[in-house]
Amino acid sequence: MYLEKLHEIEGMLKACTGEDDVHLTDGGEHADLASSVAFRLAKNLKKPPHQIAADLAMELSENYGSDDLSIESAGPYINFIFGPEYVRASLMAALKAGYGALPARSGRVVLEHTSANPNGPLHVGHIRNTVIGDTLARAFRRAGMPLEVQYYLNDMGRQIAIVSWGFDHLSIERSPGEKDDHYIARVYIAANAAIRDDPGITAEINHLMQVVEAGDDETIRKFRQVVEMCLEGIKTTLTDLNAVHDRFVWESDFIRIGDVSRVIGRMIRLPECHENETLWLDLTEFGIEKEYILRRSDGTSVYATRDLAYHVWKARNYDLVIDVLGADHKLIGSQLIAALKLIGEKPPEIVHFEFVSLPEGSMSTRQGKFVSADDLISEVTRKAFDEVTRRRPELAEEERTGIARSVAISAIRYDIVKVSPEKSTVFDWKEALDFERQSGPYIQYAHARACSILRKAGEFEEAYELMTGDEVRLAKCIARFPYVIDTVVKDLRPHLLAGYARDLADLFNTFYHQVPVLKSEGVTRRSRLTLVKAVRNTLKGSLETLGIDALGSM
RNA sequence: GGGCUUGUGGCCUAGUCAGGAUAGGGCGUUAGCCUCCUAAGCUAAUGGUCGGGGGUUCAAAUCCCCCCAAGCCCGCCA
C-alpha cells in the first residue's frame, strides 16, 4: 500500500506546486510522509516557508484530503498521515501468500556471484559475495523478475595450473574425512611453497598454461579433474548457506567455442587497440590510464579477455547483467565496462563489496591464512545447538539439530548482509556467534513467536479495528515491505532489507509486550490476531528473501 | 607516487547517492520486568567535536576543496 500512496502523494504535490522534485521523504515520528518543498519554493514566491507550507497543506487538504489522509503543515513541513482504511488495506494485502511480490516484469536478469577460484574452500571473505549475491537474487525473484544466477568458474588460470602441478609433483595425501576443497587448498599451499623455494618451477607452470590453451587433452583433463573436485566441496558449502546457483559457467568454454578469438577480432578493429608484443586497449578516454591487456606476448589469452567474452555472451542473452565482485576488481571492472562500451555491448551493473579481513591481517588462500566458511558454519552451528538445548531441552535431538542448523545459517547470513557493502569489515568470532538483537536469530524468534500465538489462537474471523499506537505503527511498517523490495532491486542494496526486517521484528516485539492478544476479547482480539498473522507473513517473506529459514518454533 | 572506498559515543553500525524537524539502532555498563500469548524478549538510564580544517547554502553527517588515518587497486595473476 505504501508504494501506491507514495506515488499518489508525489503526484498531487507535483500538480499543486509545479515542481519536479517535491522533496517527499519518510515523515519519521511526525508523519507517514513529509515534504520540505516549501523551502524550495520560498525563493521564488518570496514568502516564508512556513506560510507556503500552510497554504499548500490547505489547498491539498481541500482537493485530496479525506478521513483517511490528513494533510497538515507543521512549520515549514507538509505532513501526510494515513488513516484506518490505509491500515486495513495494507493488512489485507499482507495476509496474502507471497506478500511483497511486485507486478511481474519482463526482461531477463543474469546475476553472477561468488565465482571464487577453485583452488580451495570458500572463506569468510568469499561468502560476503555469496550472501550479497544470493540475497539480491532472492529480492529480484520476489520483485517478479525472471532471473538466472551464475557462478563463473575459472578452470584455466595460473592457480589451477599450480594445483595441477602440485598433484603431479608433490605427494600430498588426503587426510581422513577431509573435504575435497580443503584438500585442494593444502596442495595449492604446498605447491606455492615449492615455487617459493625453487622459482624454476614457474616455467613449468607457464608451460602448463600454454598447452592447456592450445588444447592439450591430457593437461585439460587434469585441470578439469582438480576443478571438479574443488567445485564439489564449494557446492556443498553453498548449499549449506542456502545459496542457489542455476548455472556454473566454465571459463575455458569461451576459448573452446571460439568466443575469445571472436571478441579479440572485434577489438583489433578499434582505433583504441594497439599491438606490439601484447595486444592491448587504450582506455584513457574513459579516464583509465592503465593498459588493458587482451593477449599475452606468447599468444595466450588473459583472464580479462575471457571475462570479456563471457560478458558479451551475457549481454546478448539477458536484458540486465549484474555482477557481484570484490573491491579488488574495481579497476578491472571499469576496464571491462569501458571495453564493452567500445564494441557497443551492454555493460554489466557491478555491485562491489569491500574486503573482510582477520584481526591479524588480510586473508590469503595461498598462504593458508583464512577462516573457511565450513569452519565458521560448524562453530556457529555448535553454539546454536547448545543454545537450543538450553532453551528447549524437551525437544528431540534431531529437532534441536535442525533448528541449530537454521539458526546458524541465519546468524551468519544476517551478520554479513546487514552491513552496507562499501564498508570493509574485520571478521569477529564474538559477533558471528551472537544471536541477540541485531541478528538473524532475533528476527527468526519474532516470527516463531507470531507462529506460536496463531497456533494457540485457533480459527478466527479476520478484523481490522486497530486502536493502539503500537498496533498502528506495526501495521504501517508491514505496509512498507513491497516498497523495500522495490528499493533493494532498484538500488542493488540488500542491506536495506536486513534493516527493514529488524525494524519489523522490533515493532512486533514491542507490540507483543505492550498489547495482549490471546487474552483480549471480541473484535479487538480478532483484529490483533489478524495483525499477528500479517506480521508473520511479512516476516516470513523478509526472512525467505534473506535466505533464512522462517522457523515455526525455536 | 596515482586511483577507488571508508572514518558517526569505549566497541559495531544506520542515515551520505536524491542537503531540511531533537544524528537512529545494537553491544557494553547501570536499574527494573518471567503467578501474563516462547526472556534468542521488553522498559528505562548512560554515553556523540558525525576524522580535522576551510567553503557553498536560509539549512551540511550529507555537496565542494585541502589535510590526516585505515583498507583495496595500480601483474603479459585471477
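We use all heavy atoms of the structure for the numbers below, so side chains are in, but hydrogens, waters and symmetry mates are not. Proteins come first, then strands; the chains are lettered A, B, ... in the order of their sequence lines, and each starts at number 1.
- For C11(B) and G28(B), the C1' atoms lie 8 Å apart once the distance is rounded to whole Å.
- With a cut-off of 3.5 Å on both pairing distances, A61(B) has no Watson-Crick or G-U wobble partner at all.
- Nucleic acid contact class of Ile332(A) (heavy atoms, under 4.0 Å, all strands): base.
- Using cut-offs of 30° and 60° for the angle between ring planes, the Tyr310(A) and Tyr152(A) rings count as parallel.
- A salt bridge links Arg295(A) to Glu275(A): one of the charged nitrogens lies within less than 4.0 Å of a carboxylate oxygen.
- For C76(B), the base has a donor-acceptor partner in the side chain of Ser297(A) [N/O atoms by modelled type, under 3.5 angstrom].
- Stacking between His513(A) and the base of G41(B) is absent under the criterion of ring centres within 5.5 Å and planes under 30 degrees.
- Counting only distance, with no hydrogens or angles, the side chain of Asp470(A) and the backbone of Phe511(A) share no donor-acceptor pair below 3.5 Å.
- In this structure, Tyr442(A) has its ring center at least 6.0 angstrom away from the ring center of Phe435(A).
- Phosphate proximity of A14(B) to Ser420(A): present, with a side-chain N or O under 4.0 Å from OP1 or OP2.
- When the side-chain nitrogen and oxygen atoms of His495(A) are compared with OP1 and OP2 of G15(B), one or more of them lie within a distance under 4.0 Å.
- Base pairing of A21(B): no nucleotide in any strand meets the Watson-Crick or G-U wobble criterion (both distances under 3.5 Å).
- The listed nucleotides are G15(B), U22(B), C76(B); the one nearest the side chain of Glu277(A) is C76(B).
- The nearest heavy atom of RNA chain B to Arg392(A) and to Thr510(A) marks one nucleotide each, and the one closer to the 5' end goes with Arg392(A).
- Across all strands shown, G75(B) remains unpaired; no Watson-Crick or G-U wobble contact has both distances below 3.5 Å.
- Per the geometry, CG belonging to Leu336(A) stands 19 Å off P belonging to C4(B), to the nearest Å.
- For Lys456(A) and C36(B), the NZ to P distance is 11 Å, given to the nearest whole Å.
- Residue Lys430(A) has its side chain nearest to C27(B) when only A21(B), C27(B), C73(B) are considered.
- Comparing C72(B), C36(B), C37(B) by their nearest atom to the side chain of Ile453(A) picks out C37(B).
- Rounded to an integer number of Å, the gap from Lys330(A) NZ to G3(B) P is 14 Å.
- Among the atoms of the strands shown, base atoms are found under 4.0 Å from some heavy atom of Asn79(A).
- Heavy atoms of Val407(A) sit under 4.0 angstrom from at least one base atom.
- Per the geometry, NZ belonging to Lys423(A) stands 8 Å off C1' belonging to G7(B), to the nearest Å.
- Annotation: cation-pi pair Arg480(A)/Tyr2(A) present, NZ/CZ under 6.0 Å from the ring centroid and within 45° of its normal.
- Taking the nucleotide of RNA chain B with the nearest heavy atom to each of Ile78(A) and Lys418(A), the more 5' of the two is matched to Lys418(A).
- Side chain of Asn509(A), nearest nucleotide from G75(B), U5(B), G41(B): G41(B).
- Across all strands, Tyr442(A) comes closer than 4.0 Å only to sugar-phosphate atoms, never to a base (heavy-atom distances).
- When rounded to the nearest whole Å, the span between CZ of Phe355(A) and C1' of C4(B) equals 13 Å.
- Straight-line distance from the CZ atom of Arg158(A) to the P atom of G75(B): 15 Å, rounded to whole Å.
- Across the strands present, G48(B) finds no partner; the criterion is a Watson-Crick or G-U wobble pair with both atom distances under 3.5 angstrom.
- In summary, the side chains of His113(A) and Asp323(A) do not present any donor paired with an acceptor at a separation below 3.5 Å, with no hydrogens or angles considered.
- Nucleic acid contact for Glu422(A): sugar-phosphate only, since backbone atoms but no base atoms lie under 4.0 Å from a heavy atom of the residue.
- Among U22(B), G25(B), C76(B), the nucleotide with an atom closest to any side-chain atom of Arg502(A) is G25(B).
- The side chain of Arg296(A) has C76(B) as its nearest neighbour among U5(B), U43(B), C76(B).
- On the C1' atoms, A69(B) is 15 Å away from G53(B), given to the nearest whole Å.
- Comparing C37(B), C76(B), C72(B) against the side chain of Asp328(A) picks out C72(B) as the nearest.
- The side chain of Ser362(A) contributes an N or O atom lying less than 4.0 Å from OP1 or OP2 of C72(B).
- Among the heavy atoms of the strands, none lies under 4.0 Å from Asp307(A).
- Nucleic acid contact class of Met209(A) (heavy atoms, under 4.0 Å, all strands): sugar-phosphate only.
- To the nearest whole angstrom, the two C1' atoms, one in U6(B) and one in U62(B), are 15 Å apart.
- Using a 4.0 Å heavy-atom criterion, one finds that Gln444(A) contacts no nucleic acid atom at all.
- Candidate nucleotides A14(B), G71(B), G41(B) were compared by shortest atom distance to the side chain of Val419(A), and A14(B) ranks first.
- Ranking C58(B), U22(B), U43(B) by closeness to the Lys43(A) side chain, first place goes to C58(B).
- In this structure, CG of Asn117(A) is placed 9 Å from C1' of C77(B), rounded to the nearest angstrom.
- Nucleotide U16(B) forms no Watson-Crick or G-U wobble pair with any nucleotide shown, as no partner meets the under 3.5 Å limit on both distances.
- Atom P of nucleotide A70(B) and atom CG of Leu358(A) are separated by 19 Å, given to the nearest angstrom.
- At a cut-off of 3.5 Å, with distance as the only test, a side-chain donor of Thr114(A) or Thr130(A) sits close to an acceptor on the other residue.
- Neither OP1 nor OP2 of C76(B) sits under 4.0 Å from any side-chain N or O of Tyr292(A).
- Nucleic acid contact for Val356(A): none, since no nucleic acid atom lies under 4.0 Å from a heavy atom of the residue.
- Only the C1' atoms considered, A39(B) is 43 Å distant from C72(B), to the nearest whole Å.
- Proximity note for Arg437(A) (side chain, C-beta onward) versus A18(B), C12(B), C42(B): the nearest is C42(B).
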Donor-acceptor list for residues 449-457 of chain A side chains, cut-off 3.5 Å, not counting sequence neighbours:
| residue | atom | partner | partner atom | Å |
| --- | --- | --- | --- | --- |
| Arg449(A) | NH1 | Asn509(A) | OD1 | 2.7 |
| Arg455(A) | NH1 | Gly552(A) | O | 3.1 |
| Arg455(A) | NH2 | Gly552(A) | O | 3.4 |

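- C33(B) and G41(B) make up a base pair, with Watson-Crick or G-U wobble contacts both under 3.5 Å.
- Under the Watson-Crick or G-U wobble criterion, with both distances below 3.5 Å, G7(B) is paired with C68(B).
- Here Asp55(A) pairs with Lys47(A) in a salt bridge; the nearest charged N to carboxylate O distance falls below 4.0 Å.
- At the heavy-atom level, Arg306(A) lies under 4.0 Å from the strands shown only through sugar-phosphate atoms.
- Heavy atoms of Ala448(A) sit under 4.0 angstrom from at least one base atom.
- Anti is the classification of C72(B), since its glycosidic angle lies more than 90° from 0.
- Residue Arg224(A) qualifies as enclosed at atom CZ: its count of foreign heavy atoms under 6.0 Å is above 12.
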